Amino acid sequence: MKERITGAEALMRSLEHMGVKTLFGYPGGSIMPTFDALYGHRDKLNHILVRHEQGAAHAAQGFARVSGEVGVCLVTSGPGATNTITGVADAMIDSTPIVVIAGQTPVSLLGTDAFQEVDLVGVTQPISKWSYQIRRAEDVAWAVARAFYIAKSGRPGPVVLDFTKNAQTEMVDYEPVTLDFIRSYDPIPDTDRVELQHAADLINAAQKPFVLVGQGVELGNAQKELQAFLEKADIPCGRTLLGLSAIPSAHPLNKGMLGMHGNLGPNVKTNECDVLIAVGMRFDDRVTGNLNTYAKQAKIIHMDIDPSEINKNVKVDVAVLGDCKETLVELTKLVRENKHTEWIESFDEYEQKEYAHVIEKEVYPKEGPLNMGEVVRAVSDATNHEAILVTDVGQNQMMAARYFRYTKNRSIVTSGGLGTMGFGLPAAIGATFGRPDRTVCVFMGDGGLQMNLQELGTIMEQRSPVKMILMNNNYLGNVRQWQAMFFGHRYSFTPMMNPDYMQIASAYGIPSRRVIERSELKEAIREMLAADGPFLLEACVIEEGNVMPMTPPGGTVNEMLLEC
């Protein structure tokens with residue numbers, strides 16, 4: 001027998017039906033009936049009160065990225081809803097499954113410029129997989145089931161539900177809804193067997209094949225399938241920023257990170273290979289550099305779940321559509337066991353060159369101030385390379401990505417496509433709830449930390465065990481580096497006057513330590529990791545350090561700069 005309940009209560013039950021256990025949010029007027037319903041579900045739905053709605057969206061992203069589940073945030077209308085929009089856009093470009101549920105004025109007041117009314121559907125349609133306004137209580141269960149299916153299926157992404165106040169208070173005969181099909185929505189396209197065979201033929205004939213590993217491998221849980229393919233065909237690979245943990249750092253076929261601040265070898269070899277196989281990546285401009293000079297010598301195979309990515313940036317010779325967890329298995333059956341020893345060994349020259357010119361100086365300096373790279377590697381070593389890496393955006397992000405090591409899947413959470421400063425701290429909070437069994441280390445710069453500094457309050461209240469590493473160089477470091485390299489050292493508004501972060505941490509009841517001398521670093525890291533709960537480690541690093549190598553904006557990937 002159906003039970004007659006309010007639309008707000010129907011939302012709570014629908015979320016439980018979807019398997020939700022954790023959500024992040026902030027109450028307000030237009031969502032108050034829903035928060036009142038949530039009060040009665042506190043035993044099953046763990047609501048994390050953030051200090052800003054942007055923090056809720058990023059926390060939901062962090063939760064989703066490490067858990068593989070849909071992240072959920074619950075906010076009010078108007079500014080509450082618009083504060084999540086950066087997170088929605090970030091989730092869209094980085095293919096992160098979140099559902100944002102926002103309050104809205106009653107239907108009777110829509111279009112009247114009522115208090116805290118914003119056309120949320122109109123604003124978010126271009127930056128979400130689906131945006132829908134719930135106007136009737138009877139649509140709640142259907143809308144929630146549809147939202148979760150769309151967010152998680154195919155290429156994941158954000159969904160926005162605009163929940164009018166009258167729909168929250170109206171009564172409805174509730175019945176849970178489960179959805180696994182939507183007409184005209186095809187989340188996993190059929191794989192063309194002819195294209196699959198064509199791809200295998202190109203790979204079997206290749207002398208210098210090279211694989212680009214993207215986040216799609218992680219999203220598709222195809223890490224084992226990728227490794228089996230690489231090992232059978234004996235093909236080296238490079239990884240995108242978001243695909244870094246799809247294969248262990250120490251795997252012999254892993255040749256490093258692609259992109260503007262990636263490793264020298266995989267970037268140079270992109271323009272030397274004869275067959276380029278892209279798996280679950282979108283040929284972002286930070287990976288390709290100048291498209292007019294990108295991999296022109298190679299036959300290009302693109303394996304992706306999203307047909308819109310095919311030929312969008314790079315024209316390809318073969319397109320293998322489908323879920324890479326399945327298509328990699330089928331391709332592996334068709335490729336021959338092979339050996340590309342000479343080709344793989346040719347990467348060594350570039351590894352040695354990069355080590356001598358960049359890595360040795362950055363990670364193992366003998367004197368001078370602390371370097372960002374050495375701080376990152378020291379933390380990674382101390383966690384036995386098993387921690388989840390979360391980063392903010394900027395030099396801290398690139399240094400962390402380059403020098404952190406990965407042994408487990410789903411171990412990097414960073415804002416890739418949108419490059420959102422302020423992402424790191426709330427995303428790390430979400431990650432601790434998504435994977436409470438793992439250590440979460442977030443690297444931040446002094447600029448990014450201050451953009452969502454208020455989330456220290458969330459950490460304080462939840463005792464969220466975030467290990468925060470602030471790499472403080474008193475600059476907006478990434479912009480300063482570009483100003484040094486391309487704008488004649490004119491540091492226009494990039495020097496930062498910073499507060500005393502130790503006092504701030506103390507105000508929130510968070511233990512902290514500041515490190516200036518290299519001799520203190522390892523002991524400080526041990527103290528941080530031994531702390532039961534959160535800890536802030538401030539590393540005072542060299543002020544004008546640079547992230548190298550670097551492909552200049554619009555440059556060619558095989559012409560990376562090794563020094564400024």
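Remember, it's a predicted structure, so these values are computed and weren't measured experimentally.
Here the CD1-CD distance, from I98 to Q61, works out to 5.0 Å after rounding to the nearest 0.5 Å. For the atom pair CG (L258) and CG (L244), the distance works out to 9.0 Å, reported to the nearest 0.5 Å. If you take CG on L321 and NE2 on H302, they are separated by 9.0 Å, rounding to the nearest 0.5 Å. The line from CG of L328 to CG of D323 is 9.0 Å long, rounded to the nearest 0.5 Å. The distance from the CG atom of N221 to the CG atom of N409 is 8.0 Å, given to the nearest 0.5 Å.
Put simply, the side chain of S506 never gets that close to the backbone of M502: no donor and acceptor are under 3.5 Å apart. Side-chain atoms of E69 do not come within 3.5 Å of backbone N or O of F63 as any donor-acceptor pair. For the pair D192 (side chain) and V320 (backbone), a donor-acceptor distance under 3.5 Å is absent. In this structure, T164 contributes its side chain and I134 its backbone to a donor-acceptor pair below 3.5 Å. Under a 3.5 Å cut-off, the side chain of E16 and the backbone N or O of R13 do not form any donor-acceptor pair. Panel note: side chain E170, backbone A137; a donor-acceptor pair is recorded below 3.5 Å. Side-chain N or O atoms of Q168 include one that pairs as donor or acceptor with a backbone N or O of F163 at under 3.5 Å. K312 places no side-chain N or O within donor-acceptor distance of the main-chain N or O of F283, the cut-off being under 3.5 Å. A donor-acceptor pair under 3.5 Å links the side-chain atoms of H385 to the main chain of S380, judged by distance alone. Of the possible donor and acceptor atoms, none in the side chain of T76 sits under 3.5 Å from a partner among the backbone N and O of P27.
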- Query: Where do K325 and E330 land on the salt bridge (charged side-chain N to carboxylate O under 4.0 Å, His left out) test, with the steps shown first?
  - Reply: CA-CA 9 Å; K325 190 172 182 67; E330 295 305 309; over 6 Å; no
Residue pair R438, E386: steps toward the salt bridge (charged side-chain N to carboxylate O under 4.0 Å, His left out) verdict = CA-CA 8 Å; R438 296 185 64 187; E386 294 180 347; over 6 Å; no
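With salt bridges taken as basic N to acidic carboxylate O contacts below 4.0 Å, one links D437 and R435. In summary, E309 and R282 do not engage in a salt bridge, as defined by a charged side-chain N under 4.0 Å from a carboxylate O. Between D173 and K2 no salt bridge is recorded (no basic side-chain N to carboxylate O distance below 4.0 Å).
Between G448 and D392, the shortest heavy-atom contact is CA-OD2, 3.4 Å. Here the closest heavy-atom approach between residue M281 and residue V287 is recorded as CE-CG1, 4.0 Å. For the residue pair K129 and P156, the shortest heavy atom distance occurs at CD-C, 3.9 Å. The minimum heavy-atom distance between A319 and I310, with the atom names listed, is CB-CG2, 3.7 Å. Nearest heavy atoms, C441 versus T383: SG-CG2, 4.2 Å. Scanning all heavy atoms of the two residues, the minimum distance from C73 to V100 falls at SG-CG2, 3.4 Å.
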Under 3.5 Å, side-chain donor or acceptor atoms of residues 421-429 against the rest of the protein: list the pairs with distances, not counting sequence neighbours.
none

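The aromatic rings of Y406 and F404 are tilted relative to each other, their planes meeting at an angle between 30° and 60°.
Each of E455, E461, Q454 was checked for a side chain to side chain donor-acceptor pair (under 3.5 Å) with R51, and the lone residue meeting it is E461.
When side chains are defined from C-beta on, L23 does not count as touching I48, because their heavy atoms never get closer than 4.5 Å. Contact check for L11 versus V144: side-chain heavy atoms found under the 4.5 Å cut-off. Within the 4.5 Å cutoff, side-chain heavy atoms of I101 are placed close to those of V72.
A distance of 6.0 Å or more separates the ring centres of W130 and Y149. You'll find the ring centres of H58 and F24 outside the 6.0 Å limit.
Shown here is Y26, whose OH atom has no more than 12 heavy atoms of other residues, nucleotides or ligands within 6.0 Å.
Annotation: cation-pi geometry satisfied between R42 and Y39 (NZ/CZ under 6.0 angstrom from ring centroid, within 45° of ring axis).
Counted by atom type alone, T96 and D94 present zero donor-acceptor pairs between their side chains at under 3.5 Å.
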